[in-house]
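Everything numeric here is computed off the predicted structure, so don't read it as measured data. Excluded from the calculations below are hydrogen atoms, water molecules and symmetry mates; all remaining heavy atoms, backbone and side chain alike, are included.
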Amino acid sequence: MFERYYRELLSFLSRKVPDRATAADLAQESYVRVYEAQRTGSVVRDPRALLYRTARNLVTDHHRRASVRAGGDTAVPDDAPPDADDCIGPPTFEPDAILSSSQGMAAMVETIDRLPPRCREAFVLYKFDGLSYAEVAARMGISVRTVEMQLRIAMEACWACLERTRGSE
């Protein structure tokens with residue numbers, strides 16, 4: 001689900017909030033909430049729809065908090081002229097952002113592919129299929145403790161990859 005919708009969701013959010021960092025934070029929080037809903041056993045018939053509904057709700061909350069912090073209404077009037085940056089397109093469409101994102105994603109996929117087979121299987125079942133530790137353990141025929149250990153190894157590899165790719169930007 002992450003690979004399939006992340007760019008699309010980030011682009012959507014980039015049009016709704018003032019900066020890319022906020023859009024990325026909201027996208028991440030949207031995924032966390034959807035994965036949490038799936039993990040708790042809720043039936044999610046259309047993950048993309050839930051992802052976008054969650055993102056819209058988070059944008060609304062973000063604007064409300066910004067309005068409270070500013071001490072007033074921060075809404076832009078409907079008749080206000082568009083900002084020049086709004087007409088160009090979201091920053092995520094800029095060539096350097098696209099290249100950086102695709103290189104980072106490729107590095108992360110390569111990192112996951114290089115994990116030991118059982119470690120990679122546990123990681124994919126947990127992160128992408130949304131199974132709980134206990135469900136991963138049952139599916140793989142291993143203990144929950146072993147799942148925890150395998151996921152720790154996988155997450156350390158992913159964090160190291162993220163640090164390497166961020167360091168090269």
Side-chain angles (χ1 to χ4, degrees), residues 1-113 120 123-132 151 154-155 157-169:
M1 184 171 78
F2 180 82
E3 291 177 355
R4 176 180 248 174
Y5 302 122
Y6 182 74
R7 280 189 189 176
E8 176 184 324
L9 182 66
L10 187 59
S11 177
F12 167 78
L13 289 168
S14 293
R15 292 187 301 269
K16 304 290 183 194
V17 296
D19 60 54
R20 287 189 339 194
T22 302
D25 288 345
L26 293 174
Q28 181 178 2
E29 182 63 26
S30 298
Y31 274 100
V32 166
R33 291 186 183 195
V34 170
Y35 283 137
E36 186 61 31
Q38 290 175 331
R39 193 180 69 76
T40 59
S42 299
V43 176
V44 178
R45 295 173 208 255
D46 187 353
R48 182 176 181 266
L50 179 59
L51 190 61
Y52 272 81
R53 171 58 58 201
T54 302
R56 279 197 268 321
N57 291 343
L58 288 170
V59 167
T60 300
D61 292 344
H62 172 76
H63 287 302
R64 284 182 186 149
R65 283 191 302 275
S67 176
V68 168
R69 277 189 229 121
D73 186 8
T74 60
V76 176
D78 290 335
D79 60 344
D83 186 7
D85 286 340
D86 291 340
C87 297
I88 295 171
T92 54
F93 287 168
E94 294 174 11
D96 60 334
I98 292 170
L99 179 62
S100 175
S101 175
S102 64
Q103 288 173 339
M105 183 62 75
M108 190 63 71
V109 168
E110 184 179 331
T111 297
I112 293 168
D113 284 344
R120 182 176 54 245
F123 180 78
V124 169
L125 289 171
Y126 179 73
K127 285 292 188 184
F128 297 107
D129 294 345
L131 300 181
S132 69
L151 290 176
M155 289 306 296
C158 289
W159 279 114
C161 173
L162 188 60
E163 288 176 10
R164 280 191 311 273
T165 57
R166 282 189 177 163
S168 65
E169 290 180 359

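- Not counting sequence neighbours, the partners of Asp19 by the side-chain hydrogen bond (donor to acceptor under 3.5 Å, both in side chains) test are Thr22.
- Checked against side-chain hydrogen bond (donor to acceptor under 3.5 Å, both in side chains), Tyr52 has the following partners two or more places apart in sequence or in another chain: Glu8.
- Using a 4.5 Å heavy-atom threshold, the side chains of Thr54 and Tyr31 count as separate.
- Interatomic distance, CZ of Phe123 versus CG of Asp129, reported as 11.5 Å (0.5 Å rounding).
- You'll find the side chain of Ser11 stays beyond 4.5 Å of the side chain of Arg7, heavy atoms only.
- A heavy-atom distance below 4.5 Å is found between the side chains of Lys127 and Met155.
- Here the CG-CZ distance, from Leu51 to Phe12, works out to 10.0 Å after rounding to the nearest 0.5 Å.
- Asp113 approaches Arg120 most closely through the heavy-atom pair O-NH1, 2.7 Å.
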Could you go through residues 23-30 and list every donor-acceptor pair under 3.5 Å that involves a side-chain atom there, pairing it with any protein atom two or more places apart or in another chain?
{"unit_1": "Glu29", "atom_1": "OE2", "unit_2": "Arg33", "atom_2": "NE", "d": "2.8"}
{"unit_1": "Ser30", "atom_1": "OG", "unit_2": "Leu26", "atom_2": "O", "d": "2.8"}

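- No side-chain heavy atom of Leu162 sits under 4.5 Å from any side-chain heavy atom of Cys158.
- With values rounded to the nearest 0.5 angstrom, Asn57 atom CG is found 14.5 Å from His62 atom NE2.
- With sequence neighbours left out, Ser132 forms a side-chain hydrogen bond (donor to acceptor under 3.5 Å, both in side chains) with Glu135.
- Going from atom CG of Leu151 over to atom OH of Tyr126 covers 7.0 Å, rounded to the nearest 0.5 Å.
- For the side-chain contact (heavy atoms from CB on, under 4.5 Å) test, residues two or more places apart in sequence or in another chain that qualify with Cys161 are Ala107, Met108, Thr111, Arg164, Thr165.
- Take Arg64 and apply the salt bridge (charged side-chain N to carboxylate O under 4.0 Å, His left out) test, not counting sequence neighbours, and it matches Asp61.
- A distance of 8.0 Å separates CZ in Arg20 from CG in Leu10, rounded to the nearest 0.5 Å.
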